[in-house]
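Right, one structure below, let's go through it.
Chain identifiers are assigned alphabetically (A, B, ...) following the order of the sequence lines, protein sequences preceding nucleic acid strands; residue numbering begins at 1 within each chain.
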Amino acid sequence: MGRKAKFDETKKVKKGPGRKAKKQQDPVFKKGLLDDDKEEKKLSHRQKQRAARRLKKKKEIQEKRKALKEAKKNPTQETEQTEEATSCSEDETPKGFTDDNKEWLKPKKATNKAKDPESDSNESDDEGLGEDENDASSDNDESENEEKEVSKKSKKENYKVGTLDDLFHDTDEEQDETLNDVEDDDTKKPYNSDSSAESDESEKDDDDDDDMLPIEKANIKLKKKQRLEKKLADEEMQLNIAKQDVFAFPSEEELQNPTSLQDVLQRIKDIVAVLGDFNRLKEESRSRCEYTDLLLKDLCLYYSYNEFLMEVLMQIFPVQELVEFLEASEVSRPITLRTNSLKTRRRDLAQALINRGVNLDPVGKWSKVGLVVYSSTVPIGATPEYLAGHYILQGASSFLPVMALAPQENERILDMCAAPGGKASHIAAIMKNTGSLFANDANKERTKAIVGNFHRLGVVNAIICNYDGRQFPEVIKGFDRVLLDAPCTGTGVIAKDPSVKTTKDQKDIQRCFNLQRQLLLAAIDCCNAKSSSGGYIVYSTCSILPEENEWVVNYVLKRRNVKLVPTGLDFGTEGFQKYRHHRFHPSLKLTRRFYPHTHNMDGFFVAKLKKFSNVIPEPVKDEDDEEAEQENENGDGENEVNKQNGDVSPETKNKLKAGAKRPAKADSSQPQQKKQKPNGASPQTPSAASSLTANQNKKNQKKKKNKTGQKSEVVDKQDHTSANSTEQEKTNGDKKQNELDTTEIQGDVSTPNNKVTLSASQKRRNRKKNKQGQKGENKVNKNENDSATIIKPVTSKEVPNESTLDREKNKGNTNASILNSTDSVAGKKRKNKKKNKESLIITKESTSVSAEPQTVQEGDKNQVTQTTTEVNLNEFNKNIQINTSGKGSPSKKKNKQSQVQENTNKIEQSNKDVLNKESPQTKDTNKINGSDQQTSNESSSKKKKNRKKNKNKQAGALSQINKNENKVTETVEIAAAKKLKNKKNKQKQIGKLDSNKGMKKGVDKKNFKRNKPKGK
Amino acid sequence: MKILSEDRTRILFEKLTKYIGVNVKLLIDRPDGTYCFREKKDRVYYISERLLQLAQTVKPDHLVSAGTCFGKFTKTNKFRLHITALTYIAPYAPFKLWVKPSAEQQFLYGHHVIKSGLGRITENTPKNQGVVIFTMSDIPIGFGVTARSTTDCRHADPLATIAFHQADIGEYIRSEDTLV
């Protein structure tokens, strides 16, 4: 069937006349070049002769055996042997071989038959032509040309001989062969002599051991052969090793003028090989660095990456794996689709698609909804099934975070970065459209994709919103599960978007992981640890860089009450526990990484976190922070910091060390301190104060730098933890802490001691300062509780900073400012202080009133922060809805309460009752207090404005609108349903509703009664 | 998310009745909680009360969509049913129309259903009745309005229009941006 395979390239048949009408004659080749089977035919005569001879020989041998068996007499054998030898020589001479060849050509013919089919066609051809002179010469030529092959050949031949059955027949063959080897391998002297010696020996043995049984003889011979073989093999191997192309380091010129990509690829392979066995293969006087640098350049050239990204990748993967990864990143992954279990089953979908001419398969055992598409005759993204929402095109790796999240029915789940809604719809499908799903995305354009996909897939339990994920905790909290598929550099999906190769640099990565950290913190804040079924956060990225994955997770592990739990994914590689100089928390091995080259899916990272407490621990400053800070400051941060700290006294220079160590101390003394209510007075927690001062110290540092004192330089170095010998102790201490990731008080305490001993002069200065700032110190000490002893030494050093602290207080900031400053990682963030303060206050509020339902709090917050008229209108709407629906939510602010009461008065007695019942006084008062506090913190003018507006509206539109429109519309919905039963009355009823208010009220009452139990 | 005005509610329900008849009440009286219609930027969303409460925590500016969008009110205050409502319309529709596989693609590109593409049609479908259009494998692919009654269909010319196109699921691709 099908085309006939053309195994023989030389015999190409012309397909037709072609362009040239006249058919060319077959080319004529020299005899020597054509070495094909026709020659064998030509030689049939001789072959016959030889066959006859062989037959004869066999007979002789048989006779010989018989003779041996019968008599075992020496002389006969000897004569026979001589006879044999002569016969051989006689046989061969007439064939007209040249002297060189006659000995080895014949046995080759013999061996040719026994040869494996595996052996090269080339060789077999050569060997098959033993008798022909021309061929013999050509063979010689070849053997000369391919010196390498010779050794191989000889080995093979030997091996084959060894396997032959007829051992007696071998005797002369072997000799011949060894000779043959000798002749062929004139270049290799030692081997040559050895083999000849061997052959001599064998001859001798033949003579000596005639009295042995033939089987014994055979045994000896065999052993000898094996020995020989082994020897040859060893030699050959050594030869190979010696001859192996040791990669020669290219010269400068070669590097500057790369010839072709093929050469580069070859060089890459060579270098990889060299690096694999560096000690042996390296060139003298070349260091590993040189090789890796060259490799880096070549890889960048060949795969067109920028050097930075390639460097990073080289740090992640060993060289061999790196090449695999790069190769895999060039090829796109197979198209996968996810069955929408809300609308269909996988089997049905597969059947439907197969009917449309799609070739597909289940994606693997690990997923029950995935299908891989191998080929398709129709556009897979536009089939009626697709449009009907039976499936969605989604990478296999995108299933993983949702599987790790393991959503349950009737939960409240948040997907923080949802667009285009693939994972979010997967969540909804697993929840079976129960519960509620918040799909958020920061990009408004992309939320349209979520809307489209959700409607297409029939997801009805979703709220799609457009917030910056970092602000989401201010909108709503208390989710059972949160999925954060954070925006990333996309280094895992280079196949999808090759622009990543060239466009990403250090800045991009920094930007990404800073954002990711903030998002993940926000995601954790959104999650409710007390949820009966959940309290889980899944963090995933499509990047493979540890900076964006393990480091981010490690960062939040220190800042929130979360722990890593197994993802529930039974494949994938474990996350890194260490990467370069970073030492992550050991539990990071519970995270999962996926690579294109090992799992044939996009590069991906999945981590599952469990929140075990809603308390937000005091922020801790550590290595991570410092690095991040450094990075930030290296950019544009410095100038700002300097400006801000323009007035700080220069004496504080020396405290920088303390500042650097500070954070650890705060950590140890008060690992998880609850936030305190902003009571206006001065409930500074010592840790907060200390961390604040730490921040300030940093700033001071910067300032000093500008003043260009030598000391300041030293200090600067210290800060940056560069290899300053005096500072190493300190950094070591810090590192220890990070490694252990526990709150070690001892270590913390010891580090400051070290410092003190390091520079006695500085210490003295500090003392002076302490005197100056004792007043401030006292304040702090008052606030210190249990951790006073530990903190004291540090605070004493930092006393001068208290002045700045006080200054801030005077600005009218309560605790919030302090907390805020601790929150802010870099001095840069000071800019945003005000914003943060507000938000912080609000969040505190909410936590303090945590007994109340979350939604209500959110409402409050919104109300507090709203300033524009628009927003107020919305509030009104809310109120209206609440009133009319009768759910009686107690989330009324002071200014709203009046409004509520008005409304309730006007509406109905029953309505009022409901409200009163459901809004307990205590809660109201609490909230009012809270709102008062907030408002006091805010600008009072805003508040006044709001009130005015509210009042106006209350007096005017509200009463009427509330009364009429809202009630009516509520009732209309229900009425409409009734109307449909009897169409005739429909119009009338609606009309009646308009005119007849009594009717409305009646309906309203019913409505409330019906809703009442639900509200509760 | 505001409550629909009475006028608009009437218009909405009239429109829905055209497609699903008395089954409209099933949309409101549901066993799994109270559902209601809410309006946002002229779009009408069908949403459960439970979800609505949660949605109210989101500021209107930031709320993109909640629940299911049924359609929108035009500037002339008519209600236009969107394809997104199909999830709820299709199961309740009393009058259905099936198209042949060959005509599926035509319809999905926004064309009317012609007689040659008509696979099946519910008995006694009157003229100008809203119908949901299915493929022969019972996948709802859109809705339209009949141009002829069932009896007229029998004698109609092969190229005659049977149902006017109103919305189809091809819009998910054709007009994703303006979908909702």
Side-chain angles (χ1 to χ4, degrees), chain A residues 352 381-382 384-385 387-390 412 436 438 444 447-456 458 460-467 475-476 854-855 858-859 862 870-871 874 877-878 880-881 884-885 887 889 965-966 968-970 972-974 976-981 983 990 993-994 1011 1014, chain B residues 1-6 8-10 12-13 17 21-22 24-25 27-29 32-34 36-37 46-69 82-84 87-88 104-105 108 135 137 139-141 168-170 172-173 176-177 179-180:
Chain A
E385 280 80 17
L387 294 172
H390 289 190
R412 196 204 292 172
S436 49
F438 277 72
K444 190 137 200 168
T447 54
K448 283 177 183 169
I450 310 180
V451 173
N453 275 328
F454 275 17
H455 281 100
R456 186 169 60 80
V460 298
N461 65 339
I463 295 165
I464 301 162
C465 45
N466 171 35
Y467 277 102
V475 181
I476 183 168
Q854 287 285 350
T855 54
E858 300 303 329
N862 287 338
E870 263 194 312
V871 174
N874 290 326
N877 286 335
K878 272 183 207 162
I880 287 158
Q881 285 169 4
T884 49
S885 67
K887 302 247 168 175
S889 70
E965 195 175 312
N966 296 321
V968 173
T969 46
E970 263 296 320
V972 163
E973 283 181 8
I974 296 135
K978 284 181 185 172
K979 279 172 237 161
L980 291 167
K981 285 174 189 170
K983 280 186 180 176
I990 290 164
L993 282 170
D994 271 332
N1011 285 338
K1014 275 167 200 161
Chain B
M1 298 291 254
K2 61 183 176 187
I3 294 168
L4 286 168
S5 73
E6 178 213 340
R8 291 194 155 184
T9 311
R10 186 174 45 76
L12 167 68
F13 277 83
T17 315
V22 292
V24 167
K25 71 170 186 290
L27 286 180
I28 292 172
D29 299 329
D32 56 340
T34 326
C36 55
F37 288 97
Y46 179 66
I47 185 173
S48 83
E49 293 256 356
R50 184 183 47 80
L51 203 59
L52 180 65
Q53 277 200 328
L54 289 173
Q56 278 165 351
T57 61
V58 179
K59 281 187 202 170
D61 286 348
H62 294 281
L63 185 65
V64 180
S65 154
T68 307
C69 178
H82 279 165
I83 186 62
T84 49
T87 323
Y88 286 105
E104 270 174 28
Q105 212 63 26
L108 290 181
T135 66
S137 49
I139 301 171
I141 57 171
D168 67 84
I169 53 176
Y172 283 120
I173 289 182
E176 189 183 38
D177 287 346
L179 194 62
V180 171

Do you know the tightest heavy-atom contact between [X] and [Y]?
X      : Y      : answer
B:Q105 : A:A382 : NE2-O, 4.3 Å
A:A449 : B:E176 : CA-OE2, 3.7 Å
A:L387 : B:G170 : CD1-CA, 3.9 Å

(request) Answer with side chain, backbone, both or neither: which region of A:F454 has an atom nearer than 4.5 Å to a non-hydrogen atom of chain B? (result)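 Neither part.
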(message) So for A:A388, is it side chain, backbone, both, or neither that comes closer than 4.5 Å to the heavy atoms of chain B?
(response)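 Both parts, backbone and side chain.
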(message) Rounded at 0.5 Å granularity, tell me how far CD1 in A:I463 sits from CG in B:L51.
(response)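 If I round to the nearest 0.5 Å, the distance is 4.0 Å.
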(message) With rounding to the nearest 0.5 angstrom, report the CG to OG distance, A:N466 to B:S65.
(response)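 That separation rounds to 12.0 Å.
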Would a distance-only check, ignoring hydrogens and angles, find a side-chain to backbone donor-acceptor pair under 3.5 Å from [X] to [Y]?
X      : Y      : result
A:Y467 : B:K59  : yes
B:H62  : A:C465 : no
A:H455 : B:T68  : no

(request) List in chain and number order the residues that pass side chain to side chain contact (heavy atoms under 4.5 Å, CB included) with A:A352, two or more places apart in sequence or in another chain; answer none if no residue qualifies. (result)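 With sequence neighbours excluded, A:A352 shows a side chain to side chain contact (heavy atoms under 4.5 Å, CB included) to A:E385, given in chain and number order.
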(request) Considering only heavy atoms and a distance below 4.5 Å, find which of A:A462, A:G452, A:G458, A:G381 pairs most often with chain B. (result)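 Top count of heavy-atom pairs under 4.5 Å with chain B: A:A462.
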(request) Could you pull out all residues at least two apart from B:D177 that satisfy salt bridge (Lys or Arg N to Asp or Glu O under 4.0 Å)? (result)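 Counting only residues at least two positions away or on another chain, B:D177 forms no salt bridge (Lys or Arg N to Asp or Glu O under 4.0 Å).
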